[in-house]
Amino acid sequence: MAHDEQLHELVDALSDRSITDEQIATLNQRLESDQASRHGFMNLMRIEAELGALHHPLASWSFEDGAAFVDSTEPLSTLSSPANLQSQAEPQSPSRRSVRFLQTMGALAASVAITAAASSWLTYEGVQGRGPLAAMLATDSVKGTAVTDVVARVAATRNCRWSGGTTDLGFGADVAGGELLELETGLAELTFPGGARVVLEGPAAFRISDSETVELYRGRVAAAVPTEAQGFSIKTPRLVIAETGAQFGVVAGADGSDEVHVFEGAIEARAVDDRGRITSVVNLASLEAARFRSANHRFARFNADDESFVRSLETRNGPGEGLLAFENFSYPAGPVAWQNGGFGWVGPWADLEAAATGASLEEAAGAAPSNGVARGSIAAADLVALGNRFVQSGNANRVRRTLSTSLGGVFDAAGLIESVDGLRLIGRNGSTIYISFLQRVSKTNDVFYGFELHRGDGNFNRVLCIGNGAEGNGYGVSTNFHYQRDVKEAAFESLGEENDAVNFVVVRIDFGDDDKDIATVYRNPSSLTEENSCVATAKLSGMFAFDRVSLGNFEGSKLHEIDEVRIGTDFRAVTGRRASGWNNNQEESFALRAPFVWSLPLASLK
């Protein structure tokens, strides 16, 4: 029945209120005599009801025992209450009696459609120039976006089923601008050339009008928008969220209400009417949410629920594409000791020193222990972090975690291991390793903190330290292993002016002959894809082979935070840009477009 043109024409006529007595008789005869026709009719009516639920209050009403019926000659706008529907319950003509069964079936389809996924015919009919979505698809030329322009890329999918013949949107597929897409079931993660990424949950209907705008008509989406992605926005028929440097979720409801949940950062949500005019505004910070109801054009605030959104489809359960070790602290808020996630490590995090702390950490970081995990992540520039973050407080705190350097381990398989004094260390002559992390402190010039590489535990085994106050120096990179084996000579290079912002640090270590290694440090590199275009902040010579990572915070009253630790064999592997698939040539082909303005009231699409 999927290609039954007669049934489609009959349902279109019924939905458009242009159905004739002859067509009613034909439709009744088919429904009474053919099970396949009944099944096809229910599917098509479900689609019509789903669209009605997007734009009219009828979907929230209950129809008991088939008692409420719609007069096919009455404009839908006049049906403002269940009472009005009830007043028209009794048929008054043979024509209306003949559609009583059909309307009962339509009411039943409406109740099903509120929770059901849209059929593949929704887009098919629109492409053919028929049905309720024809007008929506016809507006592509108005928006100035040709459907052949590539505006996004599919970074990952999970159990996806698309409607309308869109079956080729698998991993790595390009998404054309202006195309209406329907995700019946499953999850799809899309990336954009500006660095934003979104995860859509089926059932969902949406359009990506350009490389900066997602129009969500129905469904749920989680977005991670870096600071540099200027102009990126997510829009529903009722809301516009156009802030950058935030992570948030949006729900476009079928009942006339939308929700915005902020996970990290701050956003401004603007409610708009069917002409695009702003009617109200709400500002939300981390872990805040608001629900907008079109019935009263007001926002209601409540606590964000990040657990109800799928925020990433990253499936990195092990090394690959140059990334050998990863840690984003996706643990419950609380002690980090004994937490054993990520990959590339051997064993969990361990407390080496842990000072007692008071309520200040609980209030400021959301984690009670002095070496703890706090809810939420941190981000810098256009690098977006997910999961939670590591936080240290107090004046005597250090944790460490050992990397997998054993025979046959991930670093051994990559040809990076050398044996030194009975230790298997990352640092084979002629090899190169990259380390990256996000770092932030709440107060500057507040004595010692650092991200450390060690060969064994203890200060005397600290190979590299990036932070402030090591060996009495200021903010920079330092080492206790300078030049020659068994000759320990401290060295230090400044990393510039210290601040309390999030800093993204990339360290490249080239392991040379006779333990003459070079560490190159990029603080907030200008590019996340091309190392050659980045200017080194500092370079340091020494003997840098290591086997563990330590995080320290001593003296003072600051908070020291770390997130998104990556260790790999190339620059892109540790900047998080390997999996996205965007390269410079593709990025250059994306022209910036003006923000989308609603050119058609969605209610008119029915």
Side-chain angles (χ1 to χ4, degrees), residues 329 335-337 349-374 378 380 389-401 435-482 488-505 507 519 521 523-524 537-538 540 542 544 546 548-565:
F329 301 97
V336 75
W349 287 98
D351 283 329
L352 298 183
E353 297 172 272
T357 186
S360 60
L361 179 60
E362 297 178 26
E363 296 170 356
S370 56
N371 293 318
V373 176
I378 56 178
R389 68 191 188 278
F390 170 76
V391 183
Q392 288 179 311
S393 69
N395 55 18
N397 301 289
R398 179 173 278 121
V399 296
R400 66 110 171 94
R401 196 170 185 193
I435 305 104
S436 73
F437 55 92
L438 295 166
Q439 184 178 49
R440 178 171 65 186
V441 289
S442 61
K443 185 185 299 184
T444 60
N445 299 315
D446 197 44
V447 203
F448 175 79
Y449 68 88
F451 178 96
E452 307 168 337
L453 300 181
H454 281 247
R455 53 175 67 183
D457 294 326
N459 281 337
F460 62 93
N461 282 323
R462 188 169 60 229
V463 170
L464 276 177
C465 177
I466 294 156
N468 194 0
E471 312 305 328
N473 297 302
Y475 179 65
V477 54
S478 62
T479 181
N480 289 334
F481 285 76
H482 194 42
K488 297 179 181 179
E489 179 183 346
F492 171 84
E493 290 291 335
S494 173
L495 289 175
E497 184 177 354
E498 185 185 21
N499 59 37
D500 58 3
V502 178
N503 287 275
F504 179 52
V505 179
V507 182
V521 181
R523 179 190 179 193
N524 299 319
T537 310
L540 197 65
F544 300 138
F546 65 101
R548 64 199 66 196
V549 170
S550 299
L551 310 172
N553 188 42
F554 288 78
E555 303 180 345
S557 59
K558 64 196 170 300
L559 299 176
H560 178 217
E561 298 175 293
I562 294 289
D563 203 355
E564 296 283 317
V565 179

Can you measure from [atom1] ([X]) to [atom2] ([Y]) and round to the nearest 0.5 angstrom?
X: Asn445; Y: Lys558; atom1: CG; atom2: NZ; result: 10.5 Å
X: Asn468; Y: Asp446; atom1: CG; atom2: CG; result: 9.0 Å
X: His454; Y: Cys465; atom1: NE2; atom2: SG; result: 7.5 Å
X: His560; Y: Asn371; atom1: NE2; atom2: CG; result: 11.0 Å
X: Tyr449; Y: Tyr475; atom1: OH; atom2: OH; result: 5.5 Å
X: Arg401; Y: Arg548; atom1: CZ; atom2: CZ; result: 13.0 Å

Should the pair Trp349 and Phe390 be assigned to parallel (<30°), tilted (30 to 60°) or perpendicular (>60°) ring geometry?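 Aromatic pair Trp349/Phe390 classed parallel.
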For the residue pair Phe448 and Phe554, does the interplanar ring angle fall in the parallel (under 30°), tilted (30 to 60°) or perpendicular (over 60°) class? tilted
Does [X] reach the side chain of [Y], with side-chain heavy atoms less than 4.5 Å apart?
X: Glu498; Y: Val441; result: yes
X: Asn480; Y: Arg462; result: yes
X: Phe437; Y: Ile466; result: yes

Where [X] and [Y] come nearest, the two heavy atoms and their spacing:
X: Leu438; Y: Ile378; value: CD1-O, 3.1 Å
X: Val565; Y: Phe329; value: CG2-CE1, 4.3 Å
X: Leu352; Y: Arg400; value: CD1-CG, 3.6 Å

Side-chain donor/acceptor of [X] to backbone N/O of [Y], under 3.5 Å:
X: Thr479; Y: Gly542; answer: no
X: Asn503; Y: Ala501; answer: yes
X: Ser442; Y: Leu559; answer: yes
X: Ser494; Y: Gly476; answer: no
X: Arg523; Y: Leu495; answer: yes
X: Asp351; Y: Val399; answer: no

Run the numbers on Val502 and Arg440 for side chain to side chain contact (heavy atoms under 4.5 Å, CB included), then give the verdict. CA-CA 5 Å; Val502 178; Arg440 178 171 65 186; 3.7 Å; yes
Reference residue Leu464; test side-chain contact (heavy atoms from CB on, under 4.5 Å); the match among Phe546, Phe544, Phe451: Phe544
